[in-house]
Structures are given as C-alpha cells and as structure tokens.
Amino acid sequence: MSLESQIADLVTEAKGLIATFNGKKAEINAAVSAAIAAIPSNAKTYYINTVIGDDKAAGTAAAPLKSLKQALYNTPAGGQVVCYLQTDHLLDTNVAIDNRVLHICSDTQGVKRKLRCAYYPTNDGAATWLGGFVSYYGGQVL
C-alpha cells in the first residue's frame with residue numbers, strides 16, 4: 001500500500017470521526033436544551049388572603065392562599081416569591097425563609113396592608129414567642 005493511499009484512508013477516517021462527533025454534539029446540545037427547559041421557574045407570585053384564602057388553592061388573585069408560609073413552601077429553594085396581601089396579615093408563628101427571597105406587597109396600589117406580629121405559645125406551652133421571620137442560608141424578606 002502506498003503512502004498516498006494510507007494518507008487518503010486516514011483523511012477518510014478523520015472525516016468520519018468528525019461527522020460522528022458533530023452528530024453527537026448536536027444530540028447532546030438538544031438534550032441539554034430540553035433539560036434546561038424542563039426546570040421549573042424559581043420566581044413565583046402568590047396572592048394571600050387570610051379571610052377567604054386556602055393553602056391548597058392556586059394562589060391567584062381569584063383563588064388566594066391563606067398564609068405566607070404556604071407561599072414559601074410552594075417556592076423552590078433558591079427562588080424568590082412575591083406575595084400580594086389582599087388583607088391584613090397576622091403573623092402568629094415563625095416563618096422560616098430558608099434559601100429564598102420573600103417580597104411582601106399590597107395587592108392594591110395605594111392600600112397599605114398591615115403585617116402584624118402576635119405572641120403564640122410554644123408546642124409544649126412552656127414559653128410564649130413573638131411571631132416573625134427566621135432567615136436561613138441567605139433567606140431575605142423585602
């Protein structure tokens with residue numbers, strides 16, 4: 001076999017490897033794009049109404065949640081949630097803001113909703129604590 005034919009065979013093999021690589025690369029890129037598109041959004045918006053809300057509801061203006069705590073539970077770790085208060089809110093427990101960002105706003109421009117902290121007994125009744133927010137792992141309340 002001549003050197004020229006060996007070089008031609010190598011070039012043909014190299015072109016085949018390059019074509020195979022390009023095909024696999026396209027498959028990998030498509031799979032990564034599909035995986036990224038399947039990740040749920042970390043930004044959530046919920047409406048909170050302590051009078052008519054239900055923590056099993058969707059959290060929309062028409063079907064609000066009852067508590068800020070549920071809005072946080074519905075938000076993935078590392079995410080942020082904007083909660084629009086439709087009524088004043090009594091905070092009679094501690095709410096953990098664990099690796100999330102919580103924004104609290106009024107649902108109606110110009111209307112100032114109240115967020116009041118209240119005392120509550122501990123489970124064993126040995127102490128009384130004031131409800132509030134407890135931040136862990138970078139949690140923030142705005």
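Just so you know, these numbers use all the heavy atoms, side chains as well, and skip hydrogens, waters and symmetry mates.
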Is there a side-chain contact between [X] and [Y] (heavy atoms, below 4.5 Å)?
| X | Y | value |
| --- | --- | --- |
| Cys117 | Leu91 | yes |
| Cys105 | Arg113 | no |
| Val134 | Val95 | no |

Same cluster for [X] and [Y] if Ile/Leu/Val/Met/Phe/Trp/Tyr side chains link at under 4.5 Å?
| X | Y | value |
| --- | --- | --- |
| Ile36 | Ile28 | yes |
| Val11 | Leu3 | yes |
| Leu72 | Tyr47 | no |

Using only atom types and a distance under 3.5 Å, with no angle test, would you say the side chain of [X] pairs donor to acceptor with the backbone of [Y]?
| X | Y | value |
| --- | --- | --- |
| Lys66 | Thr50 | yes |
| Asn42 | Gln80 | no |
| Thr87 | Asn49 | no |
| Arg100 | Gln140 | no |

> How about Glu13: does its CD atom have over 12 heavy atoms from other parts shown lying under 6.0 Å from it?
Replying inline: no
>> With a 6.0 Å cut-off (strictly less than), is the heavy-atom count around CG of Asn22, excluding the residue itself, greater than 12?
In response: yes
>> Could you go through Tyr46 and Asn74, starting from their C-alpha distance and side-chain angles, then the distance that decides it, and tell me whether this counts as side-chain contact (heavy atoms from CB on, under 4.5 Å)?
In response: CA-CA 9 Å; Tyr46 294 108; Asn74 292 352; 3.1 Å; yes
What are the two closest heavy atoms between [X] and [Y], and how far apart are they?
| X | Y | value |
| --- | --- | --- |
| Ala126 | Asp124 | N-OD1, 2.9 Å |
| Asp55 | Leu65 | O-CD2, 3.7 Å |
| Ala61 | Gln86 | O-NE2, 3.1 Å |
| Ser67 | Ile48 | O-CD1, 3.6 Å |
| Ala57 | Ala63 | CB-O, 3.4 Å |

> How far apart are the C-alpha atoms of Leu85 and Ile104, what are their side-chain angles, what is the distance that settles it, and do they pass the side-chain contact (heavy atoms from CB on, under 4.5 Å) test?
Replying inline: CA-CA 7 Å; Leu85 299 181; Ile104 303 172; 3.7 Å; yes
>> Here's a test for you: under side-chain contact (heavy atoms from CB on, under 4.5 Å), which of Thr75, Val82, Val81 qualifies with Leu102?
In response: Val81
>> Does Thr122 form a side-chain contact (heavy atoms from CB on, under 4.5 Å) with Trp129? I'd like the steps, not just the answer.
In response: CA-CA 7 Å; Thr122 57; Trp129 292 351; 3.5 Å; yes
> Partners of Phe133 by ring pair (Phe, Tyr, Trp, His ring centres under 6.0 Å), sequence neighbours excluded?
Replying inline: none
What is the distance from atom [atom1] of [X] to atom [atom2] of [Y], rounded to the nearest 0.5 Å?
| X | Y | atom1 | atom2 | result |
| --- | --- | --- | --- | --- |
| Ser106 | Leu115 | OG | CG | 12.0 Å |
| Ser5 | Leu10 | OG | CG | 9.5 Å |
| Lys69 | Ile97 | NZ | CD1 | 10.0 Å |
| Glu4 | Gln6 | CD | CD | 9.5 Å |

>> Under the rule for side-chain hydrogen bond (donor to acceptor under 3.5 Å, both in side chains), what residues qualify as partners of Asn94, not counting sequence neighbours?
In response: Tyr120
